[in-house]
Amino acid sequence: PLYSSAASDVYKRQMDALPIDIRATRLIVLGHVFSVIEECIIIAAAITVQKVFALDMQKPMRTYSQKLLFADGSGSDLIAMLHAYQVIFY
């Protein structure tokens with residue numbers, strides 16, 4: 001099997017210890033497994049808030065096109081959130 005029972009138990013304990021949504025917890029644990037934990041923590045934080053991008057009701061296409069720029073061709077809202085964070089804080 002891909003993971004032994006003992007390794008699986010370790011990840012289950014790690015997930016139980018985090019007081020956040022199970023989807024965000026899985027993302028963080030997988031980020032640890034694949035050595036991209038910083039990016040996964042940023043994305044997990046972004047998916048736990050209501051809205052990351054402000055919606056301009058007067059120009060919705062402008063808002064959409066700006067989000068697409070952050071997505072950098074991926075078409076992914078999660079990647080857009082990660083890139084927005086990196087632009088602001090790095």
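Treat the numbers as computed from the prediction; the structure is a model and nothing was measured.
- Between atom CG of residue D77 and atom CD1 of residue I43 there is a gap of 11.0 Å, rounded to the nearest 0.5 Å.
- Taken to the nearest 0.5 Å, the SG atom of C40 stands 4.0 Å off from the CG atom of L27.
- Remark: Q86 CD to F70 CZ distance equals 10.5 Å, nearest 0.5 Å.
- Expressed to the nearest 0.5 Å, how far CD of E38 lies from OH of Y85 amounts to 7.5 Å.
- Closest non-hydrogen pair, A46 versus M81, comes out as CB-SD, 3.2 Å.
- Atom CD1 of I47 and atom CG of D21 lie 6.5 Å apart (nearest 0.5 Å).
- When the side chains of ILVMFWY residues are joined at heavy-atom separations under 4.5 Å, either directly or via intervening members, L68 and I79 end up in two distinct hydrophobic clusters.
- Linking ILVMFWY residues whenever their side-chain heavy atoms come closer than 4.5 Å, directly or via other members, leaves V87 and Y64 in distinct clusters.
- The CD1 atom of I41 sits 8.5 Å away from the CD1 atom of I20 when rounded to the nearest 0.5 Å.
- Of all heavy-atom pairs spanning A44 and A24, the tightest one is CB-CB, 3.8 Å.
- The shortest distance between side-chain heavy atoms of S74 and D72 does not fall below 4.5 Å.
- If you chain together hydrophobic residues whose side chains sit under 4.5 Å apart, L69 and I88 never meet in one group.
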